[in-house]
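Since the structure comes first, as structure tokens, the remarks are kept for the end.
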Protein chains: 2
Amino acid sequence: MGGRNFSKKRQLILDTIKETDSHPSARWVYEKLKADFPDLSLGTVYRNIALFKEEGLVISVTNIDGEERIDGNTHEHAHFVCKECGCVYDIFSSNDDNAAQCPLAGFETDRTVLTYYGRCSDCINRE
Amino acid sequence: MGGRNFSKKRQLILDTIKETDSHPSARWVYEKLKADFPDLSLGTVYRNIALFKEEGLVISVTNIDGEERIDGNTHEHAHFVCKECGCVYDIFSSNDDNAAQCPLAGFETDRTVLTYYGRCSDCINRE
DNA sequence: CCTAAAACAGTAATCATTACTAATTTATTT
DNA sequence: AAATAAATTAGTAATGATTACTGTTTTAGG
């Protein structure tokens, strides 16, 4: 678990998540890998994503149409979610590192999530 | 629809959401009203919440344990979500009104969501 | 190679949410 | 107010994401 020796499937799932910037759902990861590894199980993808979240290897970004979307880039950064096409964009800023803490006294902030919702330029230009 | 004459049930549901600061789930609203209105249907709560969201009377705040949590206060403000007890706290700030727009060129920002995740003071003190 | 623990495939179960339909409520017209 | 049409609802069934379960396979160590 805690070590660096992941099983073959577990490593494949993590690599797939780390290599894309599509902020995928569990099903997306499953279908991408299914092509090359037909005996992969959807439950395995879910189970491993849950595990990665616990270990901080992956974060939950948003929920689009009932599906949780995750990000393998755990460096603190903002996101833009397009309400029209459902795409999720990364927004990196020079002060991502010193993300604001919650101003409520006596509260302990683990993670600060900044998300913009709206229409992306592609959808605006397509109209 | 667009007018001010809501059906009895619809108005009840909206009032319940507006009157609480618990950032309720659909089921919470349903169970709260069910006590006094035993013939209320859960589907009606869901349908009306969807409608309120479309009309901008209510916003979606976060998703906790698979349940969407909403807020009847549509004034822009931040939230703190306690990972331990699942409570959602409002965080009002002097510059809520001029919430940042997404810095990506050509993108249209409808809503900026700032959420802190961590442990609330109650949970910290309880340990 | 042997053995025990961990991980997996495949399927069934769970649970939030949505869809559907017949009945009820609300609005409109007389 | 009665008659009619439109909107809303209750109750239930369907959907779809996620989780749980069980028997099998993979992995790690000796």
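Model, not experiment: these values are computed from the prediction.
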Practice item. Establish, from distance only, whether the side-chain atoms of B/Gln11 and B/Asp15 form a donor-acceptor pair under 3.5 Å. Key: yes
Review point. CD1 of B/Ile49 versus P of C/dT17: gap in Å, rounded?
Key: 9 Å
Point to revise | d(CZ, B/Phe52; C1', C/dT17) in whole Å | key: 17 Å
Review point. With respect to the phosphate group of D/dA10, does any side-chain polar atom (N or O) of B/Thr44 fall under 4.0 Å of OP1 or OP2?
Key: yes
**Study point:** Listed partners of A/Glu84 passing side-chain contact (heavy atoms from CB on, under 4.5 Å), at least two apart
**Key:** A/Cys82, A/Arg119, A/Cys123
Study note, to complete from the structure: From CG of B/Asp65 across to P of C/dT17 the rounded distance in Å is 12 Å
Practice item. Give the rounded distance in Å between these two atoms: CG of A/Asn48 and C1' of C/dA9. Key: 13 Å
Check your understanding: Looking only at heavy atoms, what is the nearest atom pair of B/Ser60 and B/Arg111, with distance?
Key -> O-NH2, 2.9 Å
Exercise for review: Could you tell me the separation between the CZ atom of A/Phe37 and the P atom of D/dT26, rounded to a whole number of Å?
Suggested key: 14 Å
Review point. Can you find a side chain N or O atom of A/Asn63 that sits less than 4.0 Å from OP1 or OP2 on D/dA17?
Key: no
Review point. D/dA10 P sits how many Å from B/Arg10 CZ, rounded?
Key: 11 Å
Exercise for review: Tell me, with the steps shown, if A/Leu12 and A/Phe6 meet side chain to side chain contact (heavy atoms under 4.5 Å, CB included).
Suggested key: CA-CA 9 Å; A/Leu12 274 170; A/Phe6 281 175; over 6 Å; no
Review point. Is there a donor-acceptor pair under 3.5 Å between the side chain of B/Thr112 and the backbone N or O of B/Ala100?
Key: yes
Enumerate the protein-to-nucleotides 21-30 of chain C contacts in which both atoms are nitrogen or oxygen and the separation is below 3.5 Å.
none

Revision key, fill the gap. B/Ile64 atom CD1 is separated from C/dA16 atom P, nearest whole Å, by 14 Å
Study note, to complete from the structure: Taking five pairs at each terminus, the helix from C/dC1-D/dG30 to C/dT30-D/dA1 shows an axis bend, to 10°, of 30°
Donor-acceptor pairs are to be reported for all side-chain atoms of residues 34-43 of chain B against protein atoms at under 3.5 Å, with residues two or more places apart or in another chain.
| residue | atom | partner | partner atom | Å |
| --- | --- | --- | --- | --- |
| B/Lys34 | NZ | B/Tyr30 | OH | 3.3 |
| B/Lys34 | NZ | B/Pro38 | O | 2.7 |
| B/Lys34 | NZ | B/Leu40 | O | 3.0 |

Point to revise | Rounded distance in Å - CG (B/Leu51) to P (D/dT9) | key: 9 Å
Review point. How many angstroms lie between CG in B/Leu104 and OG in A/Ser121, if you round to the nearest 0.5 Å?
Key: 8.0 Å
Exercise for review: Return the 5'-most residue of the pair A/Val45, B/Ala50 with respect to DNA chain C, ranking by each residue's nearest nucleotide.
Suggested key: A/Val45
Check your understanding: Does A/Arg47 put a side-chain nitrogen or oxygen below 4.0 Å from OP1 or OP2 of C/dA7?
Key -> no
Point to revise | Straight-line distance of A/Thr74 OG1 to A/Glu55 CD, nearest 0.5 Å | key: 12.5 Å
Exercise for review: Please tell me which of the listed nucleotides, C/dT18, C/dA9, C/dC8, lies nearest to the side chain of B/Tyr46?
Suggested key: C/dT18
Review point. Are A/Tyr116 and A/Tyr89 close enough that their ring centres sit under 6.0 Å apart?
Key: no
Practice item. List the steps and the verdict of salt bridge (charged side-chain N to carboxylate O under 4.0 Å, His left out) for A/Lys53 and A/Glu68. Key: CA-CA 12 Å; A/Lys53 287 199 291 182; A/Glu68 178 174 47; 3.0 Å; yes
Exercise for review: Applying side chain to side chain donor-acceptor pair (under 3.5 Å), name anything that partners A/Ser7, two or more places apart in sequence or on another chain.
Suggested key: none
Practice item. Tell me which residues in residues 16-36 of chain B put a heavy atom below 4.0 Å from DNA chain D, sorted by number, or none. Key: none
Exercise for review: Give the ring-plane orientation class for B/Phe80 versus A/Phe107, where under 30° counts as parallel, over 60° as perpendicular and anything between as tilted.
Suggested key: perpendicular
Practice item. Can you figure out which of C/dC8, D/dA10, D/dT18 approaches the side chain of A/Glu68 most closely? Key: D/dT18
